Amino acid sequence: MKLSPDSEAVVAATAEVVAAHAEEITTVFYRDMFDAHPELLNVFNVANQAVGEQPKALAASVVAFAVNLIDPDAPDFTPIMQRIAHKHVSLGIKAREYTIVGRYLLGAVGKVLGDAVTPEVGQAWDEVYWLFATSLIAEEAKLYAEAGTDPEEPWRQYRVVERFEESDEVFSLLLAPVSGQIPSHRTGQYVAIAVDVPGGTRQPRQYTISSGPRGDSIRVTIKRVRGVAGAPDGQVSGWLHENAVPGTVLDVSQPAGDVILDESDSPVVLVSAGIGITPVAAILEDLSRRQPDRTVRLFHADKSHGQHALYDGLRRQVLAMSDAKAQNWYEEEAESAPTLHPARSGFMDLTDVELPAEAQVFMCGPLPFMQIARRTLISQGVPSDSIHYEVFGPDLWVRNPEG
């Protein structure tokens, strides 16, 4: 995957300018594209648009891809490409939609940079975009094919079989397909659920499969999002909280996600905060069933024990394993929490925890939390390529992977 020599020279000469204006470009892009194609609002998360996270993530990805094309020493872009492709198939993105995206993205480059976009510059960045797009199209086609999904009909109907109230704001749904079988999935993956929300729009949201592979059903665990600092409440989580009861039929995507449990016997360290416990719960359930002797260390932070979702199941699984230990941190009432080991008060601090050698680390939680945890783990001697993370929403870490 290479640029033509002429385009490579132009991109090298203009990359710094494009990078400096990338977020402005992507903000204009989304505005213009949605004005012309409002139907795409049914695909994109409007909440991420409102707070500016999606334009930032797209800007960072395009810039990183362009740098990868012109700098032989740049980090490999393949993992980012694969992560984006997984996100896209969970949303039912279709290959033909890349033509629409390309038109408005390159149009936004012209609007923001003005006369600096000569025909040669425009052609070079058009080439960058289509190398980016065709790589994603190919990867997404492979993922659709592996799951047996028709990209024109990406949603499957699932019925809510059971509902469990995990805390005041967190609930789990056990989902079974209305017909057919569940596509095979790997522990740690997620699905998107699409619902019709008030106002006439359809919105998808991605939720981790919080159970290990079962064959006949999947469990998702959802936190009802409450708006803070003037932000609105979560549309989809609120709708599901009020309406997803046993018997409700939901549109669910194929399982997706590249942060998955490996098949080795190396130690596993699980680091999570809040609702980030969901992929951790899936991993621990799978390990307790298939590899009960595997070394596991679980570190979790939460507001309080009462808000610690899925705790009872996690406790049973830790007790069932021969070399599993858990440590929790609670901001409130840690001293009275009924935990396996005394809970620590305040925010998570990994500076003095015992870490098994050669462990694979899986993290999930708010981005600032994971950045701090990653830096601490690296200072403890954990190689950076042994630390894997899942982000709910646009992956802004690509903007500054060192935290």
Side-chain angles (χ1 to χ4, degrees), residues 187-188 208 210 259-262 264-288 291-392 397 400-403:
T187 302
T208 303
S210 60
V259 181
I260 54 177
L261 179 65
D262 61 36
S264 72
D265 58 2
S266 60
V268 174
V269 173
L270 305 170
V271 180
S272 57
I275 198 61
I277 195 67
T278 51
V280 166
I283 290 171
L284 195 59
E285 179 183 309
D286 192 6
L287 289 174
S288 68
Q291 295 179 297
D293 296 325
R294 193 164 173 180
T295 297
V296 177
R297 298 293 180 266
L298 169 58
F299 304 113
H300 180 72
D302 227 310
K303 186 74 172 176
S304 67
H305 179 74
Q307 296 185 42
H308 187 161
L310 305 170
Y311 172 78
D312 289 340
L314 291 163
R315 183 179 188 277
R316 287 194 300 271
Q317 288 147 11
V318 169
L319 288 172
M321 300 184 72
S322 62
D323 189 17
K325 296 178 181 178
Q327 178 64 62
N328 300 315
W329 284 258
Y330 297 134
E331 295 177 47
E332 300 173 357
E333 302 176 348
E335 65 282 352
S336 60
T339 59
L340 284 172
H341 303 285
R344 298 187 185 183
S345 181
F347 298 111
M348 181 183 289
D349 182 358
L350 298 176
T351 56
D352 64 347
V353 300
E354 284 191 25
L355 298 171
E358 300 181 356
Q360 293 295 312
V361 179
F362 297 88
M363 298 194 303
C364 190
L367 187 57
F369 162 83
M370 291 196 295
Q371 289 173 324
I372 293 170
R374 182 179 185 274
R375 287 196 295 267
T376 304
L377 291 167
I378 290 173
S379 73
Q380 298 274 75
V382 179
S384 60
D385 60 0
S386 295
I387 302 174
H388 317 282
Y389 69 94
E390 184 61 89
V391 174
F392 296 145
W397 206 334
N400 182 16
E402 298 308 312

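Predicted model, so just to flag it, every value in this text is computed and none were measured. Residue numbers start at 1 and run along the sequence shown.
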Flag side-chain contact, heavy atom, 4.5 Å: Ser384 against Arg374: yes
Between CG on residue Leu284 and CZ on residue Arg316, distance to nearest 0.5 Å: 11.0 Å
Val271 side chain reached by Phe369 side chain, heavy atoms, under 4.5 Å: yes
Worked verdict on Asn328 versus Asp302 for side chain to side chain contact (heavy atoms under 4.5 Å, CB included): CA-CA 8 Å; Asn328 300 315; Asp302 227 310; over 6 Å; no
Side chain to side chain, Leu287 and Met321, heavy atoms closer than 4.5 Å: yes
Gap separating the OG1 atom of Thr187 from the CG atom of Asp286, nearest 0.5 angstrom: 3.5 Å
Heavy-atom closest contact (Asp349 atom, Arg344 atom, distance): O-NH1, 4.1 Å
Contact summary for Val269 and Ala359, nearest pair of heavy atoms: CG2-CB, 3.8 Å
Gln360 side chain reached by Asp262 side chain, heavy atoms, under 4.5 Å: yes
Derivation of the side chain to side chain contact (heavy atoms under 4.5 Å, CB included) call for His308 and Leu314: CA-CA 10 Å; His308 187 161; Leu314 291 163; 4.1 Å; yes
Test item: Leu310 and Ser210 side chains (from C-beta on) under 4.5 Å apart, heavy atoms: yes
Glu358 CD: over 12 foreign heavy atoms closer than 6.0 Å: no
Trace of the side chain to side chain contact (heavy atoms under 4.5 Å, CB included) decision for Arg294 with Ser322: CA-CA 8 Å; Arg294 193 164 173 180; Ser322 62; over 6 Å; no
Spacing of CG belonging to Leu270 relative to CG belonging to Leu298, to within rounding of 0.5 Å: 5.5 Å
Taking every non-hydrogen atom, the tightest pair across Ala324 and Val318: O-CG1, 3.6 Å
Atom pair OG1/CD of Thr376 and Gln371 - distance to nearest 0.5 Å: 11.5 Å
For the student: nearest non-hydrogen atoms of Ala343 and Ala334, plus distance: CB-O, 3.7 Å
Side chain proximity check, Phe299 to Leu355, heavy atoms < 4.5 angstrom: yes
Gap between atom CD of Gln327 and atom CD of Glu354 - 0.5 Å precision: 11.5 Å
Minimal non-hydrogen separation, Gln380 against Val353, with atom names: NE2-O, 3.8 Å
Heavy-atom closest pair, residues Ser272 and His300: OG-ND1, 2.7 Å
Check: Glu390 side chain, Gly276 main-chain N or O, donor-acceptor pair, under 3.5 Å: no
Distance in Å, Glu335 CD paired with Tyr330 OH, rounded so as to fall on 0.5 Å steps: 12.0 Å
Heavy atoms from other residues, nucleotides or ligands near CD of Glu333 exceed 12 (cutoff 6.0 Å): no
Min side-chain heavy-atom separation Arg297-Pro267 under 4.5 Å: no
Side chains of Ser345 and Glu331 in contact at under 4.5 Å (non-hydrogen atoms): no
